[in-house]
Structure formats: structure tokens, C-alpha cells
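Proteins get letters first, then strands, A, B, ... in listed order; numbering begins at 1 in each.
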Protein chains: 2
Amino acid sequence: MARKLSNFLCFAVYSANLAFGRAYKPILDKVGLSYTQYIALVALAEEDDQTVGALGEKLFLESNTLTPLLKKLETTGYIRRQRDPADERQVRISLTPAGRRLVDKDLGAPLVGAIGLGDEFPAVQKTVTRLRDNLLRATKTGSEKR
Amino acid sequence: MARKLSNFLCFAVYSANLAFGRAYKPILDKVGLSYTQYIALVALAEEDDQTVGALGEKLFLESNTLTPLLKKLETTGYIRRQRDPADERQVRISLTPAGRRLVDKDLGAPLVGAIGLGDEFPAVQKTVTRLRDNLLRATKTGSEKR
DNA sequence: TCCGATTAGATCGGATACGATATAACTTCA
DNA sequence: TGAAGTTATATCGTATCCGATCTAATCGGA
């Protein structure tokens with residue numbers, strides 16, 4: 001007999017991610033953002049004027065995902081994209097005042113209660129992060145380019 | 001100053017989900033499956049001959065996502081889709097012998113070590129599941145149809 | 001200095017997610 | 001029984017992800 005789906009940690013994480021997206025959706029719809037776009041804004045608020053590559057390292061994404069997403073954020077008016085004059089290959093991303101204001105609103109705050117973890121919250125956050133880093137490290141080794 | 005990205009539980013879950021997908025990718029590429037397709041197969045192995053709707057409840061997905069995915073799994077030869085004669089609206093999904101064999105291989109087993117949680121594994125799995133259920137419940141109330 | 005190698009983004013095609021809507025099959029009840 | 005309502009699945013458009021590839025800019029060494 002095969003293992004049960006409910007015993008798969010990967011499924012727990014997969015479905016929890018779906019759940020987060022759905023919980024954020026009604027909040028983000030009001031400001032015209034998708035879930036991923038919001039996460040990118042938070043990363044930009046933490047450090048402004050980043051290159052696409054640096055932002056991608058923080059988000060674990062690459063230009064194939066980020067470029068279209070950032071273009072939409074630029075159209076929406078939350079960020080600016082400009083080529084770095086010192087190295088024209090790079091594109092630097094900065095928050096507009098509107099983008100900064102939006103992140104400062106801390107739109108996710110109302111969800112903390114819904115998550116319902118209480119004191120465990122920081123511990124869970126740390127553990128899931130550790131799990132992610134372990135997985136990424138294990139995936140990376142064995143497929144190195146350099 | 002805005003909160004740091006690293007303190008967002010939603011980002012931990014989001015990026016851990018990406019990490020799982022990448023860790024599974026080299027394994028699943030060998031058998032011609034995507035990550036989501038594999039998860040669907042595991043759900044089917046747990047209970048065969050389910051309707052699309054029942055499978056969707058387990059996976060927290062609906063027909064708009066499942067129908068195309070299941071059609072691909074059928075083409076690949078891991079499942080069969082057939083209208084229920086008793087109620088032609090329903091489509092019942094069953095594993096083919098090849099699909100059953102594939103799930104029985106427990107392809108995710110080699111990753112348990114890479115996850116690196118040791119004894120914590122079951123506790124983390126439970127906590128993330130609880131967090132998901134809390135979020136879904138909170139999202140659902142306030143947008144009920146009936 | 002100049003040409004090959006490297007680097008940063010961008011583009012493209014395939015596979016999810018998801019809201020909105022369509023369609024066909026069942027149910028209900030006047 | 002037959003029209004209205006409901007249900008199960010399918011289709012469509014938009015937004016991620018990701019591998020593969022392209023292009024333009026920079027770097028490095030003979």
C-alpha cells in the first residue's frame with residue numbers, strides 16, 4: 001500500500017502555499033497586485049535599488065520569471081526599472097513612493113490571526129526556512145556548472 | 001522600516017514549495033512527470049477510481065486546473081479517465097498498472113535525508129497542515145455561497 | 001587592442017493556478 | 001412531465017515558474 005498523501009511533507013507545503021495565495025487574494029485584489037508581485041515588493045522594500053539578479057537571489061527566482069513580473073509592476077506604478085549606467089547589462093529596480101507606501105501598510109498583518117499558530121509562529125517560520133535551504137543545497141550539489 | 005522578507009511565514013512556505021519542486025524535478029523528469037502530476041498520482045494511489053471533484057477536494061484544486069493535468073496523465077499512460085455510466089456528468093479517474101507501479105516506487109524517499117529535519121519531520125508536517133487548514137477555513141468564511 | 005568567453009536580462013514554449021464562464025447531465029417540483 | 005435550477009466537468013484568459021535560448025554588454029588574455 002502506498003503512503004498516504006497526508007504524510008507527504010511536500011504536499012503539506014504545496015497546499016499551504018496555495019492556502020496563503022488564496023488568503024492574500026482578496027486583500028491584494030484591492031490594490032491590483034498578485035501574490036508573487038507582493039512578495040517581490042516586500043523584497044524591494046527591504047533593500048531598494050537592487051539589480052534583477054540580486055532580487056532573484058533573495059526570491060529564488062531568475063530573470064525568466066522576474067522580467068515579465070517586474071514589467072507589470074512598473075506598468076502598475078509601484079516600481080521603476082532603469083539600466084545601470086555603469087554597467088548597461090544590469091537593470092536596477094526601485095520602489096516608487098506609491099510602492100513604498102503600499103508595503104508600509106503591512107497588508108498581511110490581518111492574516112496572522114488566521115494562521116493560528118500563536119507562539120509557534122517564529123519556530124515554524126525558522127524550521128520551514130531551514131528545510132528550504134537544506135533542499136536547495138542538496139539540489140544544487142551534483143548539478144554545479146563551475 | 002518595513003518588515004524583513006525573512007520574517008514572512010508566507011515567503012518561507014512559498015520558497016520551500018519552490019525548493020521541493022526543484023528537488024523533485026530531476027527525479028520526475030526521468031519518468032516524464034511534473035511535480036503536480038506526481039502529487040495527483042499519489043492522491044489517486046491512496047484511493048482509486050475517484051471523481052475529478054473528489055480528487056480536487058483532496059488536492060485543493062478544481063476542474064479548471066485538474067482537467068488539463070489529468071488529460072496529460074492519461075496521454076502519458078499513468079491514468080484512465082472514464083465517464084461514470086450512472087451519472088454522465090462525472091469523470092472517474094483510475095490508475096493504470098504503470099501508474100500504480102510508479103507510485104509504489106516511492107520516488108520521494110531519497111529526498112527525506114535532504115530535507116534534513118530528522119525527528120522533527122512529523123511535527124513539522126502536522127504544523128504546516130494545521131496552518132493550511134486554518135488559513136483555508138478563514139478564507140472560506142466570509143465568501144460562502146450557500 | 002581585439003576576439004573569445006562570460007555575464008545580465010529578455011524571450012519563448014510548456015505546465016500549473018485560478019476567476020469567470022460554458023456545457024451537458026441530473027433534480028425538483030409545480 | 002417539462003421548465004427551472006443545480007451540479008460536474010470543461011474551456012478561456014491572465015499570471016506565475018522553469019528550461020532553453022537569444023542578445024547585448026563587459027571582461028580577459030595573448
Below 4.0 Å: OP1/OP2 of [N] and any side-chain N or O of [X]:
{"X": "A/R92", "N": "C/dA8", "answer": "no"}
{"X": "A/R83", "N": "C/dA10", "answer": "yes"}
{"X": "A/K71", "N": "D/dT16", "answer": "no"}

Quick one: pull up CG in A/L70 and CG in A/L44 and give me the separation to the nearest 0.5 Å.
7.0 Å

Treating [X] as the side-chain partner and [Y] as the backbone partner, does any N or O pair qualify as donor plus acceptor under 3.5 Å?
{"X": "B/N134", "Y": "A/A114", "value": "no"}
{"X": "B/R83", "Y": "B/R89", "value": "yes"}
{"X": "B/Q50", "Y": "B/A43", "value": "yes"}
{"X": "B/T67", "Y": "B/N64", "value": "no"}

Decide whether B/R22 and A/T139 meet the rule of one side-chain donor and one side-chain acceptor closer than 3.5 Å.
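Distance-only check fails for B/R22 and A/T139.
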
Whole angstrom is fine here: how far is it from [atom1] in [X] over to [atom2] in [N]?
{"X": "A/Q82", "N": "C/dG9", "atom1": "CD", "atom2": "P", "value": "13 Å"}
{"X": "A/F20", "N": "D/dT16", "atom1": "CZ", "atom2": "P", "value": "18 Å"}
{"X": "B/Q90", "N": "C/dT27", "atom1": "CD", "atom2": "C1'", "value": "14 Å"}
{"X": "A/L70", "N": "C/dA8", "atom1": "CG", "atom2": "C1'", "value": "13 Å"}
{"X": "A/L66", "N": "D/dC17", "atom1": "CG", "atom2": "P", "value": "10 Å"}

Please write out each protein N/O paired with an N/O of nucleotides 16-20 of chain C under 3.5 Å, distance rounded to 0.1 Å.
| residue | atom | partner | partner atom | Å |
| --- | --- | --- | --- | --- |
| C/dT16 | OP1 | B/S34 | OG | 2.6 |
| C/dT16 | OP2 | B/Q37 | NE2 | 2.9 |
| C/dT16 | O3' | B/T36 | OG1 | 3.0 |
| C/dA17 | OP2 | A/Y14 | OH | 2.5 |
| C/dA17 | OP2 | B/T36 | OG1 | 3.3 |
| C/dC18 | OP1 | A/R22 | NE | 3.0 |
| C/dC18 | OP2 | A/R22 | NE | 3.4 |
| C/dC18 | OP2 | A/R22 | NH2 | 2.3 |
| C/dG19 | N7 | B/N64 | ND2 | 2.8 |
| C/dG19 | O6 | B/N64 | ND2 | 3.2 |

Can you pull every protein N or O that's under 3.5 Å from an N or O on nucleotides 22-28 of chain D?
| residue | atom | partner | partner atom | Å |
| --- | --- | --- | --- | --- |
| D/dT26 | OP1 | A/E88 | N | 3.2 |

Show me the pairs that pass ring-ring contact (aromatic ring centres under 6.0 Å, His included) and involve residues 3-22 of chain B, at least two apart or across chains.
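Listed once each, the pairs would be none.
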
Shortest non-hydrogen contact between B/G77 and B/T96, atoms and distance:
O-OG1, 2.7 Å

B/E47/B/K58 ion pair, N-O < 4.0 Å
yes

